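Before any comments, here is the structure.
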Amino acid sequence: MQIITFFNHAGGASKTSSVRDLGYLASEAGLRVLLLDLDPQASLSRWLGADNAPNEQTVMNAILDDSKATPLPTPLEVFGMHLIPSGDGLRKLEGQLYTNSTMTSRLKRLLRQVGGSYDLVLIDTPPSTGLLTQMALIAAQGVVVPVPVVSKGAEGIPTVQSLIEDCQEMNPSLEIKLFLLTQYNPQIRVDQEAYKTLKQLEALAPVSTPITFRKAPYGEAQAIKKPIPISHKGEAADKDIRHVALEFFAVLGLVVRG
Ligand SMILES: Nc1ncnc2c1ncn2[C@@H]1O[C@H](COP(=O)(O)OP(=O)(O)OP(=O)(O)O)[C@@H](O)[C@H]1O
Ligand SMILES: [Mg+2]
């Protein structure tokens, strides 16, 4: 089982969209996929039709249990994947993590307990460097950093690296697996320049082919609560994400059916 955290503290980088669509494509390719929504905004859960999850369906109780007897909740089934959704409970959980930061290492153990059931766990994080995000980085083997291809896209990378370095103290093998370039508008000259700059991240970790900015499909997919490869099957947005999914599988060394 590989546990991959999607992290960029910058808001709106396409973390949640990427977890939804790459998770779906991994599952379509025959992998057993668990999605874990650790963002109190709960966008991932909402976009997959799991709105307003009660606390019992979130990771909250399992993390808070000092006796360590509470397992992860039974996940929901969405489009062939499993999902542990977010809900209001995660705001409460975040507050508790600040009172006892040793709790941030509990997610790793809880995921190990379900290791036999999954090939791939994808964790969606909030746009912050707070303790929910740190918990997700401490639990993971790898990080995917979604970066929008815009002029300020690279600005947050030093903070991303610095938080990963902090978390490596508790999780030494944590590494960036992929810079996932998103929201690229190839007609805009400053975005072309941004793309050139972001390609230089290759010195740190692999950099994906950029996913094109396509406003309508992304809005529609959210509205009808489906991943892009279902809502816009065969269309340009679907082809884009499928191409990047192959790069994602390759950097993880995942063998998937063709
Ligand atoms: N390739 C794209 N083309 C057009 N819109 C996109 C694309 N990717 C994502 N979006 C839109 O951009 C917005 C931000 O994306 P998303 O919510 O996935 O990012 P995020 O990093 O999870 O945001 P947050 O930091 O708030 O959690 C969403 O409205 C989403 O629909
Ligand atoms: Mg998000």
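All of these numbers come straight from a predicted model, not from anything done at the bench. In each ligand, atom 1 is the first atom listed, and ligand 1 is the first ligand listed.
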Starting from [atom], locate the nearest protein heavy atom and write down its residue, its atom name and how far away it is, to 0.1 Å.
| atom | answer |
| --- | --- |
| atom 6 (C) of ligand 1 | Tyr218 CG, 3.6 Å |
| atom 8 (N) of ligand 1 | Ser14 OG, 3.0 Å |
| atom 20 (P) of ligand 1 | Lys15 N, 3.4 Å |

**Prompt:** Just to confirm, does any protein heavy atom lie below 4.0 Å from atom 13 (C) of ligand 1?
**Reply:** no
Quick one about [Y] and [X] (side-chain donor to acceptor, distance below 3.5 Å, no hydrogens or angles considered), yes or no?
| X | Y | value |
| --- | --- | --- |
| Glu247 | Thr209 | yes |
| Asp240 | Thr212 | yes |
| Ser14 | Gln183 | yes |

**Test salt bridge (charged side-chain N to carboxylate O under 4.0 Å, His left out) applied to Asp124 and Arg20, step by step** = CA-CA 9 Å; Asp124 190 23; Arg20 176 194 62 193; over 6 Å; no
**Request:** Report the C-alpha separation of Lys152 and Glu155 in whole Å, then their side-chain angles, then the decisive distance to 0.1 Å, and conclude whether the salt bridge (charged side-chain N to carboxylate O under 4.0 Å, His left out) test is met.
**Result:** CA-CA 5 Å; Lys152 291 184 173 173; Glu155 279 181 6; 5.4 Å; no
**Request:** Apply the side-chain contact (heavy atoms from CB on, under 4.5 Å) test between Ile123 and each candidate in Val59, Leu107, Val19; give the one that qualifies.
**Result:** Leu107
**Message:** Could you check whether atom NZ of Lys92 has more than 12 heavy atoms from other residues, nucleotides or ligands sitting under 6.0 Å from it?
**Reply:** no
**Enclosure of Asp88 CG (heavy-atom neighbours >12, cutoff 6.0 Å)** = no
In plain terms, say whether [X] and [Y] are close enough for a salt bridge, that is, a side-chain N and a carboxylate O under 4.0 Å apart.
| X | Y | value |
| --- | --- | --- |
| Arg214 | Glu220 | no |
| Arg106 | Asp66 | yes |
| Asp51 | Arg46 | no |

**Prompt:** Below 3.5 angstrom, do we get any N/O pair linking Thr125 and ligand 1?
**Reply:** no
Ligand-residue contact atoms, ligand 1 with [X], heavy atoms, under 4.0 Å:
| X | value |
| --- | --- |
| Gln222 | 28 (C), 29 (O), 30 (C), 31 (O) |
| Arg214 | 2 (C), 3 (N), 4 (C) |
| Gly11 | 25 (O) |
| Ala13 | 19 (O), 20 (P), 21 (O) |
| Thr212 | 1 (N), 2 (C), 3 (N) |
| Ser17 | 9 (C), 15 (O), 16 (P), 18 (O), 30 (C) |

**Prompt:** Counting no waters, what protein N/O/S atoms lie under 2.8 Å from the Mg ion (ligand 2)?
**Reply:** Thr16 OG1
**Message:** Give me each pair satisfying ring pair (Phe, Tyr, Trp, His ring centres under 6.0 Å) with a member in residues 80-139, each pair once, sequence neighbours excluded.
**Reply:** His82-Tyr118
**Prompt:** Quick one: does Thr182's side chain get under 4.5 Å of Val147's, heavy atoms only?
**Reply:** no
Looking at ligand 1, does [X] have a heavy atom less than 4.0 Å from it?
| X | result |
| --- | --- |
| Gly12 | yes |
| Gln41 | yes |
| Asp124 | no |

**Request:** Would you kindly check if the NZ (Lys) or CZ (Arg) of Lys215 is within the cone defined by 45 degrees around the ring axis of Tyr218 and under 6.0 Å from the six-membered ring centre?
**Result:** no
**Asked** Should the proximity of Trp47 to ligand 1, defined as any heavy atom under 4.0 Å, be assigned to the side chain, the backbone, both, or neither?
**Response** side chain
**Fill in**
Under 4.0 Å between heavy atoms, the region of Asp39 that gets near ligand 1 turns out to be side chain
